[in-house]
Amino acid sequence: MNSNKKTNTSNTTISLYWKCQLIGWSIVSIYWAYTVYTRDNYGIFYTLLNYVLDISIGIFLTHMYRRFALKAKWSSLPIRQLLIRLLPTILLLAVLYVLISNLKWYIFRTLFVIKNVDFLESIIYWDPILLTGLRLMSIWLLAYHLYHYYQKEVVTAKENAQLSIIAKQAQLDNLSAQLNPHFLFNSLNSIKSLVIENPNVARRAIDLLSDLLRSSLYEKDKDLIPIKEELSLVKDYIELEKMRFEERLQLKTNIDNDLINYKIPTLSIQLLIENAIKHGIDLKIGGGIIFLKIKKKDNNIYLTVENPGVINQHKNGGLGLKNLKKRLEIQYKNNASFSLTAKENDCVVAEIIIPMHIEDEKI
């Protein structure tokens, strides 16, 4: 379905492009057709022939430029760099416009009007054709790139809006999980049992629960967060959950310290840890160990969470994982990925791969 959608979009774009080409150059060439018909007394046939040739020259030159610009990816350049390239390109296209137009007039006059026409004299006739070429090529190239910049801005705005909605949904999902009656009941029950036995630990548990709820409420405007801040949140969450699971829950980490300042989608690691506890540790009588690994490989960050458990083949994953996949897709332009795989010995591995080439993701 996605491929069909892309094909339809591409066909629509090509259709619009050719419509603009034909309509634009047809309107521009009317002036020259009117001139040869009224001033040079060309008949209707020769006027129409010149008209078609003028349209063809304009479309040929600009279409050749379009093919080159697409191959060189000029539309993705910053405006300043693009303008530096456009100035000599406009001059080159204008010169080519002059030469091809003069060649057209030489062939046309030789065949249909005057039999004896000097070739060199026809080719070096530049005024006012050069100014016309400069004006027409400038207008076409600027209009072409302005349209593409506008389209890119529209797409970027849509993606940012969609990402913001999904990120906020993830925050709401996380808040909902934290406010889940079962979670709150277990947490408060653990705190209650500690109030008399160990007041210091009970106070610590209240602080942890408060921090988790505060993070869910006040971190919601951040799409990205440094890994070290995400790990701090995960640590609080694990510490609070250990009051319920005690020795049944253990977390082991293997983290590259050079990566802790890189930014990742907010609550992404915590979501993986929550799923590991909910669908793994909680279902095992003896509990188990969650392994969290953050490493760099091939200029990518690998966030891996491994836990005991099995994947339910009848479910495609919860809403939180679906939102995470969508956030990764939009945030990193399809360059990031998420996978959930089952391994031997009832082990499940969740992995997020994030590219490191975006410099502003590092503090």
Side-chain angles (χ1 to χ4, degrees), residues 160 163-164 166-168 170-171 173-175 177-178 204 207-242 249-278 280-281 288-307 320-321 323-341 347-363:
N160 288 340
L163 179 63
S164 178
I166 294 173
K168 283 176 172 55
Q171 300 289 347
D173 293 340
N174 180 69
L175 178 59
Q178 306 296 0
R204 174 59 179 164
D207 289 339
L208 290 171
L209 183 59
S210 175
D211 288 341
L212 284 171
L213 297 179
R214 186 183 300 110
S215 297
S216 298
L217 288 169
Y218 297 111
E219 295 292 328
K220 62 185 178 183
D221 292 328
K222 296 181 181 179
D223 293 331
L224 298 172
I225 187 174
I227 289 177
K228 62 182 179 182
E229 293 184 23
E230 179 82 358
L231 291 176
S232 177
L233 188 61
V234 168
K235 181 181 176 183
D236 288 348
Y237 180 77
I238 289 291
E239 188 176 345
L240 184 59
E241 285 287 59
K242 277 181 71 68
L249 171 62
Q250 296 183 53
L251 176 67
K252 292 187 178 182
T253 60
N254 185 0
I255 300 168
D256 189 340
N257 288 327
D258 293 336
L259 302 177
I260 60 173
N261 287 324
Y262 276 89
K263 291 185 177 181
I264 59 174
T266 306
L267 301 173
S268 53
I269 297 178
Q270 183 176 341
L271 175 62
L272 300 187
I273 297 294
E274 286 180 2
N275 274 274
I277 294 175
K278 181 178 179 181
I281 304 299
I289 302 173
I290 297 176
F291 294 93
L292 171 61
K293 184 189 299 183
I294 303 177
K295 293 293 178 182
K296 175 184 175 182
K297 180 182 178 183
D298 299 329
N299 209 33
N300 291 317
I301 298 177
Y302 285 73
L303 309 172
T304 307
V305 173
E306 182 177 334
N307 60 274
L321 294 182
N323 280 340
L324 176 61
K325 291 179 184 178
K326 195 65 178 177
R327 289 170 67 195
L328 291 170
E329 176 185 331
I330 298 174
Q331 186 76 54
Y332 299 99
K333 313 294 183 184
N334 293 316
N335 292 317
S337 65
F338 168 77
S339 62
L340 186 66
T341 55
C347 179
V348 176
V349 177
E351 185 172 66
I352 299 173
I353 303 176
I354 296 175
M356 296 179 64
H357 62 273
I358 303 176
E359 290 297 329
D360 60 0
E361 288 187 8
K362 189 173 181 180
I363 295 179

Exercise for review: Taking all heavy atoms of I301 and all of M356, pick out the closest pair and write down the distance.
Suggested key: CG1-CG, 3.4 Å
**Study point:** Non-hydrogen side-chain atoms of L224 and P265 separated by less than 4.5 Å
**Key:** yes
Revision key, fill the gap. By salt bridge (charged side-chain N to carboxylate O under 4.0 Å, His left out), E329 pairs with (sequence neighbours left out) K326
Review point. So, E241 side chain and L249 main chain: donor-acceptor pair closer than 3.5 Å or not?
Key: no
Point to revise | Where N261 and P226 come nearest, the two heavy atoms and their spacing | key: O-CB, 4.3 Å
Check your understanding: Which atom names give the shortest non-hydrogen contact between E230 and Q270, and what distance separates them?
Key -> OE2-N, 3.1 Å
Point to revise | Contacts of type salt bridge (charged side-chain N to carboxylate O under 4.0 Å, His left out), residue K333, not counting sequence neighbours | key: E159
**Study point:** From NZ (K235) to CG (L240), nearest 0.5 Å
**Key:** 14.0 Å
Point to revise | Pairwise salt bridge (Lys or Arg N to Asp or Glu O under 4.0 Å) hits with a residue in residues 291-303, at least two apart | key: none
Review point. Can you tell if the side chain of L231 reaches within under 4.5 Å of the side chain of I294, non-hydrogen atoms only?
Key: yes
Exercise for review: Would you check if the side chain of R327 reaches a backbone N or O of T266 as a donor-acceptor pair within less than 3.5 Å?
Suggested key: yes
Exercise for review: Take F291 and N307 through the test side chain to side chain contact (heavy atoms under 4.5 Å, CB included) and record every step on the way to the result.
Suggested key: CA-CA 6 Å; F291 294 93; N307 60 274; over 6 Å; no
Review point. Judged by atom type as modelled, is there a donor-acceptor pair below 3.5 Å linking the side chain of K252 to the main-chain atoms of I289?
Key: no
Check your understanding: Do I273 and L251 touch side chain to side chain, with heavy atoms closer than 4.5 Å?
Key -> yes
Exercise for review: With the side chain counted from C-beta on, respond yes when I354 and N300 share a heavy-atom pair under 4.5 Å apart, and no when they do not.
Suggested key: no
Review point. Nearest heavy-atom pair of V305 and A276: which atoms, and what distance?
Key: CG1-CB, 4.1 Å
Exercise for review: Give, for atom CD1 of I255 and atom NZ of K228, the distance between the pair rounded to the nearest 0.5 Å.
Suggested key: 13.5 Å
Check your understanding: Are L324 and L267 side-chain neighbours, meaning at least one heavy-atom pair lies under 4.5 Å?
Key -> no
Check your understanding: Which value, rounded to the nearest 0.5 Å, describes the distance between L292 atom CG and L303 atom CG?
Key -> 8.0 Å
Review point. Which atom names give the shortest non-hydrogen contact between K263 and Y332, and what distance separates them?
Key: O-OH, 3.8 Å
Exercise for review: Output yes when a side-chain donor or acceptor of Q250 lies under 3.5 Å from a complementary backbone atom of I290, and no otherwise.
Suggested key: no
Check your understanding: Got Y237 and I277 here, is their nearest side-chain heavy-atom distance under 4.5 Å?
Key -> yes
**Study point:** Nearest heavy-atom neighbours spanning A350 and L272
**Key:** CB-CD2, 4.0 Å
Practice item. Would you give the length of the straight line joining atom NZ of K242 to atom CD1 of I238, rounded to the nearest 0.5 angstrom? Key: 8.0 Å
**Study point:** Sub-4.5 Å side-chain heavy-atom contact between S337 and L328
**Key:** no
Check your understanding: Is the backbone of T304 close enough, under 3.5 Å, to the side chain of E351 for a donor and an acceptor to pair up by distance?
Key -> no
Exercise for review: Please test I352 against S268 for side chain to side chain contact (heavy atoms under 4.5 Å, CB included), starting from the C-alpha separation and ending with a verdict.
Suggested key: CA-CA 9 Å; I352 299 173; S268 53; 4.1 Å; yes
